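Just so it is clear, the model here is predicted, and its values are computed rather than measured.
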Amino acid sequence: MEHNNEYNFIAPYITSDEFVLWKGKPQKGMVFTSQDVFMIPFSIMWCGFAIFWETSVLSSGAPFFFALWGIPFILVGLYITIGRFFHASYLRKRTYYVITNKKIIRLRRRRIDMIDGRNMPPMHLKINKDGSGTIRFGEAVYYRHGRGYRSYNYDSSYGGLLSLENVPNVAQVQQIIDQMDK
């Protein structure tokens, strides 16, 4: 895709008195989240057990149904162990962000999400050591964890609002959002 044409998707959503303040894409590369602290060990155990099950079934001469039964579990195990990283990379390559003076627009694959600056929900900023980070929009949801409470924010892929993920120089992008007409 030609660089100038990557952002043509916004043309139908821009009004005559609207102009682009910033446009960008998520950074490339491996992105680990706080969920990966739990997901990586779980996925290795899941996949390991599924492979152990399947090899045990095949080597013991069990009925064909048992051999078939293990295949979906192996496939799920492979996806949660390594496939989800490739899937996330695939989505990042097809994600574009645009901030205008009136709204925030995200194209992910063929889905367009927008937030109007006048009705913008609370913004939550997460900054990484290298200055990149994520901006999430929406109310924080709290859940009980041990003796305290932890929070997380909804992301559009989980039924919540929009987020700008893995943005280079996220503090600058946050300042641009603050310049929007609200």
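The existence of a salt bridge linking D36 and R84 is confirmed by a sub-4.0 Å separation between a basic side-chain nitrogen and an acidic carboxylate oxygen. For K25 and E165, the salt-bridge test fails: no basic side-chain N is under 4.0 Å from an acidic carboxylate O.
Side chains of R94 and R108 form no contact here, defined as non-hydrogen atoms less than 4.5 Å apart. Side-chain contact check for M180 versus I104: some heavy-atom pair is nearer than 4.5 Å. A 4.5 Å side-chain heavy-atom check between T100 and F19 finds every atom pair outside the cut-off. Two residues are said to be in side-chain contact when any heavy atoms from C-beta on lie closer than 4.5 Å; S56 and F52 meet this criterion. In this structure, E54 and W69 have side chains that are not in contact, with every pair of non-hydrogen atoms separated by 4.5 Å or more. Considering only heavy atoms from C-beta on, S132 stays 4.5 Å or farther from V167 through its side chain. Side-chain contact between M45 and S43 is absent, with no heavy-atom pair separated by less than 4.5 Å. Annotation: side chain of I80 is in contact with side chain of F42 (closest heavy-atom distance under 4.5 Å).
Note: K102 NZ to R118 CZ = 6.5 Å, rounded to the nearest 0.5 Å. Here the OG1 atom belonging to T81 is positioned 8.0 Å from the CD1 atom belonging to I51, to the nearest 0.5 angstrom. The distance from atom NE2 of H87 to atom CZ of R92, rounded to the nearest 0.5 Å, is 11.0 Å. Distance CD1/I105 to CG/L164: 11.5 Å, rounded to 0.5 Å.
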Side chain to side chain contact (heavy atoms under 4.5 Å, CB included), that's the test. Do R136 and T134 meet it? Break it down for me. CA-CA 6 Å; R136 296 187 195 279; T134 297; 3.8 Å; yes
Carefully, step by step, assess E18 and K103 under the rule salt bridge (charged side-chain N to carboxylate O under 4.0 Å, His left out). CA-CA 9 Å; E18 198 169 0; K103 64 179 78 103; 3.0 Å; yes
Apply the test side chain to side chain contact (heavy atoms under 4.5 Å, CB included) to residues F137 and M120: give CA-CA distance (whole Å), side-chain angles for both, the deciding distance (0.1 Å), then the verdict. CA-CA 8 Å; F137 298 92; M120 191 175 302; 3.7 Å; yes
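The aromatic rings of Y7 and Y96 sit perpendicular to each other, their planes meeting at more than 60°, with 30° as the lower class boundary.
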